[in-house]
There are 2 protein chains.
Amino acid sequence: MTTPLEGLATIVGPGNMLTDPTDMAPYLIEERGLYRSSAQAVVRPGSTAEVAAVVQICAEAKIAMVPQGGRTGLCGGAVPAGLDRAIVIATERMDRIRVLDPVDFTMTVEAGCVLASLQAAADEAGCLFPLSLAAEGSCRIGGNIATNAGGTNVLRYGSTRDLVLGLEIVLPDGRVWNGLKSLRKDNTGYALNQLFIGSEGTLGIVTAAVLKLYPRPTERQTALIGLPDSQAALTLLGQARRASGDAVTACELMSRLALDLAVRHIPGLRDPLGTPSPWVLLLELSSSRPGGLREALESVLSQALEDGTAQDAVLAESGTQRQALWRLRESIPEAQKHEGGSIKHDISVSTSRVPELIERASAAVADALPGARPVAFGHIGDGNIHFNVSQPEGADKNAFLDEWPRLNRVVHDIVMGMGGSISAEHGIGRLKAAELARIKPDLDIELMRRIKTAFDPDGLMNPGAVLIP
Amino acid sequence: MTTPLEGLATIVGPGNMLTDPTDMAPYLIEERGLYRSSAQAVVRPGSTAEVAAVVQICAEAKIAMVPQGGRTGLCGGAVPAGLDRAIVIATERMDRIRVLDPVDFTMTVEAGCVLASLQAAADEAGCLFPLSLAAEGSCRIGGNIATNAGGTNVLRYGSTRDLVLGLEIVLPDGRVWNGLKSLRKDNTGYALNQLFIGSEGTLGIVTAAVLKLYPRPTERQTALIGLPDSQAALTLLGQARRASGDAVTACELMSRLALDLAVRHIPGLRDPLGTPSPWVLLLELSSSRPGGLREALESVLSQALEDGTAQDAVLAESGTQRQALWRLRESIPEAQKHEGGSIKHDISVSTSRVPELIERASAAVADALPGARPVAFGHIGDGNIHFNVSQPEGADKNAFLDEWPRLNRVVHDIVMGMGGSISAEHGIGRLKAAELARIKPDLDIELMRRIKTAFDPDGLMNPGAVLIP
């Protein structure tokens with residue numbers, strides 16, 4: 001009689017079954033260092049059939065499984081923290097593009113493909129795969145799908161959910177569900193695909209997907225715009241969407257403090273705007289239609305400067321200038337590290353209520369932790385703000401970070417009161433599972449538990465993520 | 001002790017509770033006349049609270065419920081056929097637009113709103129609600145959501161699923177689930193919203209929804225194009241998507257026979273093309289960006305005429321001409337009625353495989369029913385063809401229609417072999433429930449049943465639709 005571990009080694013081959021703590025260590029690292037994990041083994045299957053066989057053995061032996069992609073998630077969903085002797089199932093070896101069909105505008109890919117490699121393959125075929133986020137150089141598409149990843153192009157192309165046409169899933173009992181279809185329309189029963197997307201590996205393991213492609217943009221126009229208030233960002237966004245034929249592909253808001261911190265701490269950055277306006281907007285338009293985008297953006301901006309919606313604006317005149325504008329936005333989290341502790345919020349509300357959210361949350365933070373400095377920035381076009389709070393100047397970092405749960409509560413209660421979300425794009429994982437249980441209505445949790453039980457009655461698939469067992 | 005019916009009358013008021021067969025008759029009519037239904041009562045609640053109270057009484061008394069919108073579905077999902085003494089719950093009185101927010105680009109509406117009234121409200125606010133289909137003058141948004149309705153704008157804007165941000169649902173036990181959020185990003189657990197969309201009233205009743213709006217197009221260009229083969233439609237579509245910045249909002253293919261039947265039977269129609277090409281494409285581009293769309297379309301067409309992708313083309317020069325082109329496409333089902341019986345298929349495959357599908361299905365039909373005439377037309381840009389088969393000339397209509405199940409099988413087996421769908425946009429309802437059970441893998445049916453049981457353990461919500469009890 002073979003043991004489960006012997007069985008796993010037979011399936012994936014001894015070289016792809018790690019049990020030595022040193023070998024396993026890289027697979028147990030969590031992006032933010034919030035969790036310490038241990039595992040019985042890390043297995044690296046090379047095919048869907050191997051994943052299925054691995055899961056079948058674990059299911060029969062009632063061993064908890066943690067699916068793992070690029071380990072770039074920010075909520076601890078991909079590491080076996082708090083679990084006793086779980087098996088990590090890493091998809092990294094499954095990194096083939098099975099088909100890329102530019103006529104169908106789709107590609108069929110395996111779960112372990114790195115996001116940037118998919119963007120590159122699409123580009124080579126004259127197409128665009130629009131999912132784009134900070135971790136794109138190492139995150140893997142299976143993880144993007146499991147967490148319904150967002151990023152900077154959601155405004156125009158939607159979240160990962162909107163980019164997935166079909167899925168192949170290994171279910172918690174090891175059977176393979178084949179929903180790997182390239183269909184733009186399919187109304188034959190319940191949307192099983194949709195249920196797996198964003199379920200963070202708690203209902204099954206994504207092994208492959210059919211993804212939507214788009215025409216590759218041939219023109220791109222980027223502007224940095226100084227604004228008198230955050231409301232002006234929404235006015236400008238609406239005008240730019242209309243004037244450009246809905247070609248706005250990024251709309252990123254930064255508070256003056258957020259921008260100043262980036263310029264202060266990150267070498268080589270400078271603020272190209274002459275006016276120190278309280279808010280700054282990075283607006284980007286792109287289209288595969290040749291010509292006309294620059295004129296559309298200029299016309300919106302000149303009108304906005306005239307009527308006071310904008311106080312100042314610069315347009316990128318080259319790819320280098322465009323990158324410099326983007327670096328201002330992308331450097332904010334790094335810059336915050338130089339200011340001591342930062343308590344983070346990944347929140348969303350109706351797009352039209354973002355200004356109200358920022359105002360109310362800032363006031364509540366000032367009340368709760370005098371001197372703490374809200375650094376608001378993010379995807380205002382999606383109603384999604386990374387409302388990160390830097391510690392008071394000169395305060396003790398650890399004492400400040402101890403306030404994380406209390407400050408989260410203060411901010412999340414405002415968000416929930418506004419019908420918003422406490423995890424707009426990063427998911428729940430282990431980090432927010434308790435907070436989810438606190439803020440979601442009991443009925444939501446009950447329905448989610450019923451689904452979990454229907455798919456994974458033994459609770460073996462990524463236990464502790466999303467739902468507290 | 002009051003009876004359930006007395007309880008229902010108290011909730012909705014005697015005037016909104018129908019039990020007389022004559023009063024109920026309009027609510028039992030099924031679009032195609034395929035079903036005869038009877039019901040214990042038809043209730044017309046005026047609010048979500050009334051729907052909840054009605055459902056609670058039915059759930060306690062174990063009475064089957066059939067949610068009903070505009071009764072325009074083509075698969076019998078909204079009538080209580082084959083049910084013993086069910087209650088029809090008609091949402092028609094719930095027809096308020098609760099909020100329309102042009103800054104947020106959303107509207108919050110009740111389930112009973114007629115689709116055309118939502119389109120009009122969006123238009124008045126300078127926005128577009130893109131869902132558009134033949135029944136838009138009488139179908140209701142709750143039904144559109146329950147069936148994940150498709151239509152002519154899916155290519156650019158997606159199906160109903162892609163247009164819904166939030167839902168309010170009365171669950172099978174009468175509790176109200178509040179997912180009525182206007183969030184572009186929300187990664188807090190399983191996608192419950194998505195599960196209800198397209199579940200055809202078998203998991204709960206849609207009472208309200210938050211819908212996405214888009215900038216209202218200011219320019220629209222429409223062309224009718226003669227093609228040498230159906231493959232050319234895909235070539236042209238790709239070129240037009242690229243040249244226009246993805247502004248192609250309709251791409252409708254018609255076979256020569258389909259077009260000829262429309263011209264022959266529908267008064268006032270004429271074929272504006274000089275060349276009797278074997279295939280004809282209706283291509284429409286629209287955008288809120290002023291100018292440039294005509295030039296983009298003309299450039300694609302002149303190139304296509306030069307390289308033989310197109311044989312002939314006309315561009316609409318006015319709104320009247322545009323409507324005339326659209327009437328050719330929209331008259332095809334009506335024209336088919338003049339040719340006797342028509343056996344219908346609402347099928348989809350990968351967009352790039354539509355030509356192969358048409359070829360294989362046509363050959364199989366010729367084999368199975370010599371003389372029967374495939375009339376292929378539809379949304380080629382979505383891979384969705386209404387492959388309708390007209391009877392052989394001079395054949396007996398009823399004898400031909402008796403072949404419906406056999407011909408469906410022939411065509412559906414080809415579709416399934418190509419990884420396609422046997423109901424691309426019309427849903428399953430009662431009409432295709434048996435066929436669904438035949439063609440879906442057992443695992444799909446099992447997973448769907450587990451979900452059904454998790455949400456509706458007593459099987460009271462629209463029994464017989466989608467899944468055979």
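These numbers come from the heavy atoms of this one structure, side chains and all, not from hydrogens, waters or symmetry mates. So you know, we letter chains A, B, ... as the sequences are listed, proteins then strands, and number each from 1.
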Discussion item. Looking at T147(A), is its backbone amide N or carbonyl O close enough to the side chain of N187(B) to form a donor-acceptor pair, meaning the two atoms are under 3.5 Å apart?
Written reply: yes
Worksheet item: Is R242(B) close to P217(A) at the side-chain level, that is, under 4.5 Å between some pair of heavy atoms?
Response: no
Item to complete: Side chain from CB out, backbone as N, CA, C, O: work out which of these in R156(A) comes under 4.5 Å of a heavy atom of chain B, or both, or neither.
Response: side chain
Practice prompt. Any chance you could measure S182(A), atom OG, to M418(B), atom CE, to the nearest 0.5 Å?
Written response: 11.0 Å
Discussion item. One pair to check against side chain to side chain contact (heavy atoms under 4.5 Å, CB included): R289(B) and L293(A). What are the steps and the verdict?
Written reply: CA-CA 9 Å; R289(B) 193 205 306 187; L293(A) 218 49; 3.5 Å; yes
Discussion item. Could you check whether any side-chain N or O of R450(B) sits under 3.5 Å from a backbone N or O of T453(A), counting only pairs where one atom can act as donor and the other as acceptor?
Written reply: no
Fill in: Heavy-atom side-chain contact between Q194(A) and L192(B) under 4.5 Å
no
Fill in: Side chain, backbone, both or neither of N384(B) within contact of chain A (heavy atoms, under 4.5 Å)
side chain
Worksheet item: So, the side chain of K440(A) versus the backbone of T188(B): is there a donor-acceptor pair under 3.5 Å, distance only?
Response: yes
Discussion item. Report which part of I428(B) has an atom under 4.5 Å of a heavy atom belonging to chain A: side chain, backbone, both, or neither.
Written reply: both
Worksheet entry | Minimum-distance pair of heavy atoms, taken over all atoms of L443(B) and W177(A) | CD2-CA, 3.9 Å
Item to complete: Output the distance between atom CG (D444(B)) and atom OH (Y190(A)), rounded to the nearest 0.5 Å.
Response: 13.0 Å
Response to the item:
Greatest number of non-hydrogen atom pairs under 4.5 angstrom with chain B, of T106(A), L234(A), I451(A), L436(A), falls to I451(A)
Worksheet item: Can you tell if the side chain of L237(A) reaches within under 4.5 Å of the side chain of V103(B), non-hydrogen atoms only?
Response: no
Fill in: A243(B) portion near chain A, given a 4.5 angstrom heavy-atom threshold
backbone
Practice prompt. Considering non-hydrogen atoms only, spot the tightest contact between G420(B) and L183(A) and give its length.
Written response: C-CD1, 3.7 Å
Response to the item:
Answer key: most heavy-atom pairs under 4.5 Å with chain B among L171(A), D162(A), V466(A), T218(A) is L171(A)
Practice prompt. Please determine, among R161(A), K181(A), R184(A), R241(A), the option with the most heavy-atom pairs under 4.5 Å with chain B.
Written response: R241(A)
Worksheet item: Using non-hydrogen atoms only, which part of D246(B) is less than 4.5 Å away from chain A: side chain, backbone, both, or neither?
Response: both
Practice prompt. For each of E219(B), R353(B), H379(B), tally heavy-atom pairs with chain A at distances under 4.5 Å, and name the one with the top tally.
Written response: H379(B)
Worksheet item: Any sub-3.5 Å donor-acceptor pair from D104(B)'s side-chain atoms to T351(A)'s backbone N or O?
Response: yes
Fill in: Side chain, backbone, both or neither of V176(A) within contact of chain B (heavy atoms, under 4.5 Å)
backbone
Worksheet entry | Region of Y214(B) in contact with chain A, defined by heavy-atom distances below 4.5 Å | both
Fill in: When P102(A), A454(A), S287(A), S350(A) are compared by non-hydrogen pairs under 4.5 Å with chain B, the top option
S350(A)
Item to complete: Output yes when R175(A) and E446(B) qualify as a salt bridge under the 4.0 Å nitrogen-oxygen rule, no when they do not.
Response: yes
Discussion item. Among G238(A), S244(A), G427(A), which residue has the highest count of heavy-atom pairs closer than 4.5 Å to chain B?
Written reply: S244(A)
Item to complete: Keeping the roles fixed (side chain from S421(B), backbone from D186(A)), state whether a donor-acceptor pair exists under 3.5 Å.
Response: no
Worksheet entry | Side chain / backbone / both / neither for F455(A) at chain B, heavy atoms under 4.5 Å | both
Worksheet item: Among L203(B), I422(B), I347(B), which has the most heavy-atom pairs under 4.5 Å with chain A?
Response: L203(B)
Discussion item. Taking every non-hydrogen pair under 4.5 Å, which of A424(A), G245(A), A149(A) racks up the most with chain B?
Written reply: A424(A)
Discussion item. If we ignore hydrogens and angles and just use 3.5 Å, is the side chain of S348(A) paired with the main-chain N or O of K185(B) as donor and acceptor?
Written reply: yes
